[in-house]
Every structure is written in C-alpha cells, then in structure tokens.
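Inspection log for the structure reproduced underneath, given as structure tokens.
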Amino acid sequence: MLDLNFIRQNPDKVKTTLVDLNTEAPIDEILQLDQQRRVLLKEVEALRQERNVGSKAIGSLMREGKKEEAEAQKQRMSEVGDKIKAIDEQLRQIEADLYDKQLYVPNMPAPGVPVGPNEDHNIEVRRWGEPPNFDFEPKPHWDLGEELGIIDFERGVKISGTRFYMFKGAGATLHRALTNWFIDVGINDHGYTEVYPPFMVREQAMIGAAHLPKFRDNMYYDAEEDYWFIGTAEVPLTNVFADEILDAGQLPIKYLSHTPCFRRDKMSAGRDVRGIKRVHQFEKVEMYHYTLPEDSYDHLEEIVSNAEDLCQRLGLPYRIVQMCTGDLGFAAAKKYDVEAWVPGPNGEGEWMEISSCSNVEAFQARRANIRFRRERGAKTEFIHTLNGSGLPPGRLMIAVMENYQQADGSIIVPEVLRPYMGGLEVIE
RNA sequence: GGAGGGAUGGCAGAGUGGACGAUUGCGGUGGUCUUGAAAACCACUGAGGCUGCAAGGUCUCCGGGGGUUCGAAUCCCUCUCCCUCCGCCA
C-alpha cells in the first residue's frame with residue numbers, strides 16, 4: 001500500500017508513474033474520498049466533544065438532584081447523538097471505499113528503474129557461465145523425463161488433470177535433493193533461519209502480502225473454511241510479524257522457507273503447456289528479509305547474490321535481468337530476475353526465469369502493519385521487506401535435466417547433489 | 001462434532017452504567033541517596049487519526065464488528081481466537 005500522504009502530496013507524480021507501470025489505479029477517486037473523509041471527521045469530532053462534555057454534565061446534575069435540567073440536557077444530547085450517528089454512517093462507507101481503492105494502487109518504482117512498457121525494455125545486468133555445446137540434438141525435459149521414467153505426465157494428468165505431473169524414482173529423488181541442498185546452503189552458508197509456515201491462510205494475510213484483492217483469479221480457495229492456498233511462501237512470511245512493533249536491534253531478520261505453491265495460472269492459459277515449467281502445484285524455497293529502510297537495497301543485492309551462488313555451485317549458466325517499470329509487477333519497487341539457460345526443444349535454447357528477487361520497500365509492511373522503533377520512545381516506522389526465490393526445485397529440474405543431458409539420453413547428476421542422492425552420478 | 005470457561009496496557013491482574021482522566025503490582029527509563037552498586041524513595045512509562053509553524057488542542061481504541069443509552073471496558077447480538085473436558089482422527 002502507498003502512503004496516503006504521499007498520494008495527497010504528489011498526485012501528478014503518482015499518475016505519471018502509473019503510465020510508466022503500464023497500469024491504472026483510481027487516484028482521483030482516492031483523493032476525493034480522502035478530502036470528504038477529513039471534512040466529515042472534523043465535523044463528527046466536534047460533535048463528539050460536545051456530547052462528551054454534555055453527558056458528563058448530566059451525571060453532575062443527577063447527583064445534585066436537578067432532575068428537570070438533566071432531562072432537558074438528555075434531550076439535547078440525544079439530538080447530538082443522532083447527528084453523530086448519521087455522519088458516522090457516511091464516514092464508514094467512505095473509509096471502506098477509500099481503503100478498498102487504496103488496495104489497488106501499485107508500489108512506486110525506485111529511482112533508476114528503467115522506464116518501459118514491457119519485458120523488451122528489461123536490462124540484462126550480467127551473465128555467468130557458458131551454455132553447453134552439444135554435439136548431438138538435445139532433448140526437452142519432457143522427452144528426457146518420459147524416456148528415463150522419472151517424470152510421468154500421463155498419470156499426473158489422470159490423477160488431477162492438465163498441468164499436473166508426477167515425479168518417480170530418480171526424478172523424485174533429484175527433486176528432493178535439490179530442495180534439501182537449497183535449504184542446507186541457505187541455513188549454513190547464507191545465514192537464514194528455516195521457517196515452516198502454514199500453507200493455507202486467512203484473507204487478511206493475502207491482503208497483507210498484496211496478493212488480494214487484485215490477484216483473486218490466480219489463487220485456490222476453500223470456500224467452506226474460508227482459507228486461501230498460498231502461491232508462494234512470501235505470503236505467510238510477510239505476515240509473520242504483522243501487527244507487531246519490532247526493535248531496530250532485531251533487524252535484519254532473514255527467513256528461508258520451503259513450501260508448496262498452488263497457482264491457478266488462469267491468465268496464462270495456453271502458455272507453456274508442455275512439460276513442468278508452468279503447473280498448478282510446485283515447490284519453492286523462498287528467501288525473505290525484514291530490514292531497516294536504509295538497508296533494504298543492500299539486502300536486495302544480497303538476495304540476488306544468494307540465488308546466483310546456488311546456480312554457480314550447480315554449474316548452471318544464467319543471467320541477471322533488471323525489470324523495467326512495465327514488468328515490475330504490483331508490489332516491487334525494484335526487481336531482478338535470475339534466468340537460467342535451458343537448451344529446450346529443437347536446441348534453440350531460452351532464458352528461463354528461476355528466481356525473482358524484489359525489494360517491495362514498505363509496501364507490504366504498510367498493508368500488514370509491520371513496524372519498528374529505532375529507540376525507546378521513538379516514533380514507529382514501517383520496516384522494509386524483500387523476497388526472492390532460492391530456488392524453485394521444479395524449475396531447476398528442467399535446467400539440470402536439459403543442461404546435463406548426454407547423447408544417450410542419460411543425465412549427469414551435478415556434483416553438489418550427489419551426496420543427497422546416495423552418491424548417484426548418472427540417471428540412466 | 002458435543003459441553004463449559006475465557007480475551008483489559010510490555011507482563012500479571014482489578015474494574016458489572018457517570019469520581020475510569022483505567023486501581024495496583026512487576027518489568028522498563030530517568031532521578032535522589034551512595035566511593036560504586038544494591039536496596040529504598042520520587043517521577044515518567046501504549047497505539048493511531050484529525051488539526052496546528054510549534055507549543056498544544058481534540059477524537060478513537062479494554063479481541064473484531066454491530067446494537068441499547070444522554071453516557072459503555074461494564075448491558076445485548078454476532079464473529080474471531082485461546083483454554084478445559086468428551087468424541088472422532090493421520
């Protein structure tokens with residue numbers, strides 16, 4: 001959520017930024033509602049003061065036995081009360097309306113974020129590694145997976161329908177090895193505390209993480225129990241400290257969480273229909289930082305470097321891309337994607353997003369009401385939060401299988417994963 | 001699923017319609033005393049909105065929402081969460 005004061009003071013800047021972001025938000029309505037709200041607030045508060053004073057006087061009059069005067073005063077206060085009730089009702093509607101509209105205003109990009117309408121204007125920041133040079137025709141992971149018997153698409157679909165899959169044998173083990181290795185590196189080498197959060201959350205948690213109300217269509221929901229299924233660990237992690245006031249000394253806090261992720265992916269119907277790139281159920285190891293405002297951009301670089309470190313140790317070629325304004329999404333002020341090289345079908349190859357690292361500044365903290373105090377007695381301020389994938393084992397399956405394939409269709413197990421696979425060196 | 005009991009400040013815990021401007025204790029911060037510390041004593045010690053250059057003024061908040069009343073922490077309705085017991089269950 002954006003600071004209402006900021007919108008009030010910079011309405012034109014907000015509106016031009018919305019154009020850069022290639023999106024829309026009801027700024028004029030917000031300003032108008034805000035204005036109405038403050039006018040009514042002044043009115044109703046003056047009336048309340050009148051009633052507070054008047055009601056107290058009734059108590060005194062009754063004690064002094066001046067019954068008639070008390071009755072007259074009651075009559076007057078009753079009228080004041082009616083006025084208050086009427087204005088309160090107006091205020092309630094305006095405030096609900098205002099809050100609802102504020103929830104649809106995206107975050108502002110950080111200074112220096114490249115301006116552009118779509119992904120074509122993203123900027124490649126750096127590359128690492130060399131795409132493999134095959135002296136044979138490389139296969140896509142869906143062919144490799146089926147031929148090796150480690151991914152069973154047919155049966156996944158039989159059980160649950162399109163965009164579902166099943167790992168089997170060494171495939172299931174490879175997936176688990178990636179997961180466990182990511183977690184171990186995170187907690188041993190990157191300084192994270194591992195967290196196992198709920199996967200189903202209340203609506204308020206979804207609002208705090210800025211996934212509701214705007215992205216309702218992309219999430220699974222249990223209407224009977226009123227639970228939302230998380231599409232990323234970012235959701236519960238954002239809400240860990242919701243409605244709390246932290247001490248500055250507690251920050252930064254760095255959490256790492258391995259969770260399933262559920263996505264309806266309604267908006268992407270027809271895209272990436274083959275393989276396991278875009279599915280309804282996957283897992284992800286997520287990094288999440290809670291920081292002081294002045295430290296958050298250092299932490300963004302740290303999160304990206306953590307994701308890079310994992311790729312380097314796996315020996316996967318990748319590039320870092322900075323998102324332009326049109327590709328920032330709803331919550332991020334600055335965002336980097338980590339894209340791994342995958343050979344793909346026909347040996348054309350492509351850069352596939354395997355991690356997305358964002359500094360959302362105070363955007364989620366304001367929604368979830370996460371504050372801190374610099375010292376005893378100081379004013380509360382909102383913290384900054386950051387998130388990044390580190391990494392999604394399902395997507396990494398694709399990258400590992402396709403990059404480490406051999407001419408005979410077997411797959412070399414990256415060295416760092418072998419201890420997690422009982423020493424297995426080749427899947428064949 | 002059934003029965004019952006609860007939710008008050010950082011914590012404990014009083015308060016059942018007007019002196020609540022929320023008692024008291026603990027914890028915390030500052031001070032007095034002391035060579036220093038402890039003890040003792042004194043003072044201060046929640047969050048947010050509106051308004052104002054500021055000092056300040058004012059309003060709201062006793063789990064959330066609604067209601068009764070001139071007036072609600074207190075009475076009524078409702079929701080959420082927690083606890084105890086029974087049943088069921090991986």
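Convention: sequence-line order gives letters A, B, ...; per-chain numbering from 1. Values below: all heavy atoms of this structure, side chains included; hydrogens, waters and symmetry mates excluded.
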Residue matched to B:U16 through Watson-Crick or wobble contacts both under 3.5 angstrom: none
Is the closest side-chain heavy-atom distance between A:Arg48 and A:Ile84 below 4.5 Å? yes
Among the nucleotides B:G48, B:G49, B:A47, which one has an atom lying closest to any side-chain atom of A:Arg373? B:A47
B:C61 to B:A72 separation - P atoms, rounded to the nearest Å: 8 Å
Applying the Watson-Crick and G-U wobble criteria at under 3.5 Å, what pairs with B:A43? Answer none if nothing qualifies. B:U29
Length of the CD-P vector between A:Glu95 and B:G48, whole Å: 17 Å
Report, as a single string ordered 5' to 3', how protein heavy atoms within less than 4.0 Å touch nucleotides 60-81 of chain B: B base, S sugar-phosphate only, - not at all. S-----S-S-BS---------S
Protein-nucleotide distance (A:Asn369, atom CG; B:G48, atom C1'), rounded to Å: 10 Å
Strand partner of B:A55, provided both Watson-Crick or wobble distances fall under 3.5 Å: none
Without decimals, in angstroms, what is the distance between A:Asp34 CG and B:G49 P? 13 Å
Separation between the C1' atoms of B:G64 and B:G10, rounded to whole Å: 22 Å
Please tell me which of A:Ala46 and A:Thr380 maps to the more 5' nucleotide of RNA chain B, matching each residue to the nucleotide holding its nearest heavy atom. A:Thr380
Does the structure show a Watson-Crick or G-U wobble partner for B:C85, both distances under 3.5 Å? Name it, or say none. B:G2
Can you tell which of A:Thr385, A:Thr291, A:Asn359 makes a side chain to side chain donor-acceptor pair (under 3.5 Å) with A:Ser296? A:Asn359
Please state the P separation for the pair B:G2 and B:C50 - nearest whole angstrom. 45 Å
Distance col, row A:Glu286:CD vs A:Ser389:OG, nearest 0.5 angstrom, shows 5.0 Å
Whole-Å distance, A:Arg366 CZ to B:G48 C1', equals 14 Å
Please measure how far the C1' atom in B:A12 lies from the corresponding atom in B:C62, and state the result in whole Å. 16 Å
Mind checking A:Arg8 for me? I need base, sugar-phosphate or nothing, with any heavy atom below 4.0 Å counting as a touch. sugar-phosphate
Distance check needed: B:U51 C1' versus A:Gln49 CD, whole Å only. 12 Å
Is there a Watson-Crick or G-U wobble partner for B:U80 with both distances under 3.5 Å, and which nucleotide is it? B:A7
To the nearest Å, give me how far apart CG (A:Asp243) and C1' (B:G46) are. 15 Å
Can you confirm whether or not the ring centre of A:Phe182 sits under 6.0 Å from the ring centre of A:His190? no
To the nearest angstrom, how far is A:Arg37 atom CZ from B:C59 atom C1'? 11 Å
Report yes or no: does A:Tyr165 contribute a side-chain atom to a donor-acceptor pair with the main-chain N or O of A:Gln281 at less than 3.5 Å? yes
Interatomic distance at P, B:A40 relative to B:C26, whole Å: 9 Å
Which label fits A:Tyr290 and A:Tyr255: parallel for a plane angle under 30°, tilted from 30 to 60°, or perpendicular past 60°? perpendicular
Gap in Å between the two C1' atoms, one belonging to B:G15 and one to B:A90, rounded: 46 Å
State whether A:Arg374 and A:Glu381 are salt-bridged, where the test is any N-O pair (Lys NZ or Arg NE/NH1/NH2 against Asp/Glu carboxylate O) under 4.0 Å. yes
Determine the interatomic distance between P on B:U74 and the same-named atom on B:U68; round to the nearest Å. 15 Å
Expressed as a whole number of angstroms, how long is the span from A:Glu244:CD to B:G10:P? 12 Å
Tell which nucleotide pairs with B:A72, taking only Watson-Crick or G-U wobble pairs whose two distances are both under 3.5 angstrom. none
Determine the interatomic distance between C1' on B:U60 and the same-named atom on B:U34; round to the nearest Å. 47 Å
Please list every donor-acceptor pair under 3.5 Å in which a side-chain atom of residues 7-17 of chain A meets a protein atom from a residue at least two apart or in another chain.
from	atom 1	to	atom 2	distance (Å)
A:Arg8	NE	A:Asp34	OD2	2.7
A:Arg8	NH1	A:Asn5	OD1	2.8
A:Arg8	NH2	A:Asp34	OD1	3.1
A:Arg8	NH2	A:Asp34	OD2	3.4
A:Asn10	ND2	A:Phe6	O	3.0
A:Lys15	NZ	A:Asp28	OD1	2.8
A:Thr16	OG1	A:Asp12	O	3.0
A:Thr16	OG1	A:Lys13	O	2.9
A:Thr17	OG1	A:Lys13	O	2.7

Check: A:Pro109 and A:Lys334 side chains under 4.5 Å, non-hydrogen atoms: no
